[in-house]
Amino acid sequence: MELLITGIIIVIGTLLLVAEVAFIPGFGVTGFLGMLAMLGSIIYSFQAIGEAAGWTTVAIIILIIVTLILWAIYGKSLDKIALKKNIDSTVADNATSQVKVGDKGCAVTRLALIGEAQFGDNIIEVTSCDGFIDEKVEIQVKRISAGVIYVAKA
């Protein structure tokens with residue numbers, strides 16, 4: 001009878017851990033209860049059956065946990081929830097298409113490394129590569145890299 005109770009507790013713990021890995025993301029109540037059931041089966045088998053059965057239960061539970069870990073890593077069970085799509089689109093950025101290297105404009109705000117500048121009728125966010133630049137100072141575009149417009153005093 002004690003072996004049956006130990007086996008049932010191990011099965012319940014295993015089912016809870018499988019539910020945690022396969023159906024419920026994260027480490028939550030289900031995984032905690034599964035590990036608690038596994039620990040309870042070990043304690044029960046040591047106390048009710050004996051030392052040999054306790055160590056056998058420990059070995060069985062270690063084997064189950066290793067199998068579950070390998071199943072989670074190498075199995076296809078996590079493919080349903082895994083992100084497999086690469087995002088290769090970019091945000092349309094009209095600011096970098098409106099100015100070119102060498103264009104001159106005027107700082108609208110103080111460029112404490114980043115601020116706004118006016119080029120023609122357009123007000124665009126720019127980055128100073130020349131330190132701090134006060135507002136209403138003439139600036140020039142030095143380079144454009146990865147959507148960032150770098151300016152310096154003209």
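Basis for what follows: all heavy atoms, side chains included, without hydrogens, waters or symmetry-related copies. Counting from 1, the numbers follow the sequence of the chain as shown.
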Quick one: [atom1] on [X] to [atom2] on [Y], what's the gap to the nearest 0.5 Å?
| X | Y | atom1 | atom2 | value |
| --- | --- | --- | --- | --- |
| Arg143 | Ile149 | CZ | CD1 | 12.0 Å |
| Ile144 | Asp103 | CD1 | CG | 7.5 Å |
| Ile62 | Thr57 | CD1 | OG1 | 11.0 Å |

Could I get the full list of side chain to side chain donor-acceptor pair (under 3.5 Å) partners for Asn122, not counting sequence neighbours? Gln98
Tell me, please, which residues at least two apart from Thr6 pass side chain to side chain donor-acceptor pair (under 3.5 Å). none
According to ring pair (Phe, Tyr, Trp, His ring centres under 6.0 Å), does anything in residues 133-154 pair up with another residue at least two apart or in another chain? List the pairs. none
Please, which pairs that meet ring pair (Phe, Tyr, Trp, His ring centres under 6.0 Å) have at least one residue in residues 37-67, sequence neighbours excluded?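 Matches after skipping sequence neighbours: Phe46-Trp55.
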Closer than 3.5 angstrom, by distance alone: can the side chain of Glu51 be matched with the main-chain N or O of Ala53 as a donor-acceptor pair?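 Checked: no pair found.
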Tell me, please, which residues at least two apart from [X] pass side chain to side chain contact (heavy atoms under 4.5 Å, CB included).
| X | answer |
| --- | --- |
| Val137 | Ile133, Asp134, Lys153 |
| Ile9 | Ile5, Ala37, Ser41 |
| Leu3 | Ile49 |
| Leu63 | Thr67 |

Review item, side-chain donor-acceptor pairs of residues 107-117, under 3.5 Å, at least two apart:
{"from": "Thr109", "atom 1": "OG1", "to": "Glu116", "atom 2": "N", "distance (Å)": "2.9"}

Closest contact, heavy atoms only, Lys136 versus Cys106: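 That would be CA-SG, 3.5 Å.
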Any chance you could pull the hydrophobic cluster mates of Val11, using side-chain heavy atoms under 4.5 angstrom and chaining through other members? Leu15
Side chains of Met38 and Thr14: closer than 4.5 Å at any heavy-atom pair? yes
Single-linkage hydrophobic cluster, 4.5 Å side-chain cutoff, Ile60 and Met35 together: yes
